[in-house]
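The basis for the numbers below is simple: all heavy atoms, side chains too, and nothing from hydrogens, waters or symmetry mates. Because the structure is predicted, anything quoted here is derived from the model rather than measured.
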Amino acid sequence: MEKDYKTKPKEYIIEFLKKHKNTSFSVQEVYNDIKESGYDINLATVYRNILKMVDKGMLLKHQASNQKYATYQYVESKKCLTHFHFECKKCGMVIALGNGESEDFVSMVKENLGFMIEPQNTYISGVCKKCGERFIYL
């Protein structure tokens, strides 16, 4: 079992996570924010710590098929692993769909299509109300 050391870079990353609870972010964004705060940190160190946090269940990793880089979301509780997420393409805000609605949808898809969905890895992208863009639905 790997020992979990408290390091300054890890503290900086956790500080970033707490400030960005409701947004998704890339490793580069974490690195840039920490550097802009005046801390000395290496991009590889940020990347390595982010991957460890994903393995420990502290972060969700998401990579859409049309994206070059993965984005991550801070997991505040285990409830975050049981529902879908809406992600604003403009500001990166992440909104969680209630567990009941997610469970109903997962059950319906399983029953009707025989397909198992992983809610914690399911992001629905669009534009949030705050960003104010309108879509024409077909």
Side-chain angles (χ1 to χ4, degrees):
M1 187 169 112
E2 186 178 327
K3 186 159 172 113
D4 191 20
Y5 294 100
K6 283 190 175 183
T7 65
K8 281 291 183 192
K10 187 174 182 180
E11 288 177 25
Y12 302 149
I13 293 167
I14 290 172
E15 185 180 313
F16 173 90
L17 298 178
K18 289 179 179 177
K19 286 191 310 188
H20 297 87
K21 289 180 186 177
N22 296 319
T23 60
S24 60
F25 47 83
S26 67
V27 171
Q28 187 69 48
E29 289 170 322
V30 177
Y31 172 76
N32 291 345
D33 185 81
I34 292 170
K35 289 295 278 186
E36 288 170 11
S37 296
Y39 300 123
D40 187 31
I41 197 163
N42 182 294
L43 180 60
T45 301
V46 174
Y47 188 76
R48 195 170 38 254
N49 275 278
I50 293 289
L51 292 180
K52 285 179 184 178
M53 291 174 180
V54 169
D55 289 342
K56 290 180 182 179
M58 286 179 64
L59 296 175
L60 292 176
K61 180 179 179 179
H62 172 66
Q63 186 162 3
S65 57
N66 63 344
Q67 288 181 327
K68 190 173 182 180
Y69 302 101
T71 57
Y72 302 86
Q73 180 194 356
Y74 181 54
V75 176
E76 283 193 88
S77 74
K78 295 295 178 194
K79 286 183 178 180
C80 197
L81 303 175
T82 61
H83 55 245
F84 297 111
H85 302 88
F86 294 101
E87 181 176 24
C88 180
K89 294 189 308 184
K90 196 165 188 179
C91 69
M93 180 175 66
V94 177
I95 301 168
L97 182 64
N99 287 337
E101 293 91 351
S102 293
E103 289 170 6
D104 291 346
F105 183 74
V106 168
S107 295
M108 185 272 303
V109 169
K110 182 179 177 184
E111 257 179 54
N112 295 334
L113 303 174
F115 192 84
M116 294 293 296
I117 297 174
E118 298 175 337
Q120 72 274 19
N121 295 323
T122 304
Y123 285 74
I124 301 167
S125 66
V127 178
C128 72
K129 187 175 186 176
K130 185 178 175 185
C131 289
E133 290 190 9
R134 297 176 191 234
F135 286 96
I136 299 172
Y137 295 97
L138 303 175

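Side-chain contact between Phe25 and Thr71 is absent, with no heavy atoms from C-beta onward closer than 4.5 Å. Met58 is not listed as a side-chain neighbour of Lys52, based on a closest heavy-atom distance of 4.5 Å or more.
Smallest separation of non-hydrogen atoms from Ile13 and Val46: CD1-CA, 3.9 Å. In plain terms, the two heavy atoms of Cys88 and Cys128 that are nearest each other are SG-N, 3.3 Å. In this structure, Ser24 and Glu29 approach most closely via the heavy-atom pair O-OE1, 4.2 Å. Between Ile41 and Pro9, the shortest heavy-atom distance links the atoms CD1-CB, 3.7 Å.
Listed by first then second residue, pairs satisfying side chain to side chain donor-acceptor pair (under 3.5 Å) with a partner in residues 40-51 read Thr45-Arg48, not counting sequence neighbours.
Atom CD1 of residue Ile50 and atom OH of residue Tyr31 lie 14.0 Å apart, to the nearest 0.5 angstrom. Atoms OH and CD1, on Tyr74 and Ile14 in that order, are 7.5 Å from each other to the nearest 0.5 Å. Tyr72 contributes atom OH, which lies 8.5 Å from atom OG of Ser26 (distance to the nearest 0.5 angstrom).
For Phe105, the CZ atom sits in a loose shell: 12 or fewer heavy atoms of surrounding residues, nucleotides or ligands are nearer than 6.0 Å.
Under the rule for a side-chain hydrogen bond (donor to acceptor under 3.5 Å, both in side chains), Glu15 has no partner lying at least two apart in sequence or in another chain. Residues meeting the side chain to side chain contact (heavy atoms under 4.5 Å, CB included) test with Lys8, sequence neighbours left out: Glu11, Tyr12. Annotation: side chain to side chain contact (heavy atoms under 4.5 Å, CB included) contacts of Asn32 (sequence neighbours excluded): Gln28, Glu36. Lys19 pairs by the side-chain hydrogen bond (donor to acceptor under 3.5 Å, both in side chains) definition with Asp33, not counting sequence neighbours.
Note on Met108 and Leu113: same hydrophobic cluster, where clusters join Ile, Leu, Val, Met, Phe, Trp and Tyr whose side-chain heavy atoms are under 4.5 Å apart, directly or indirectly.
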Could you go through the side-chain contact (heavy atoms from CB on, under 4.5 Å) check for Leu51 and Val27 one step at a time?
CA-CA 10 Å; Leu51 292 180; Val27 171; over 6 Å; no
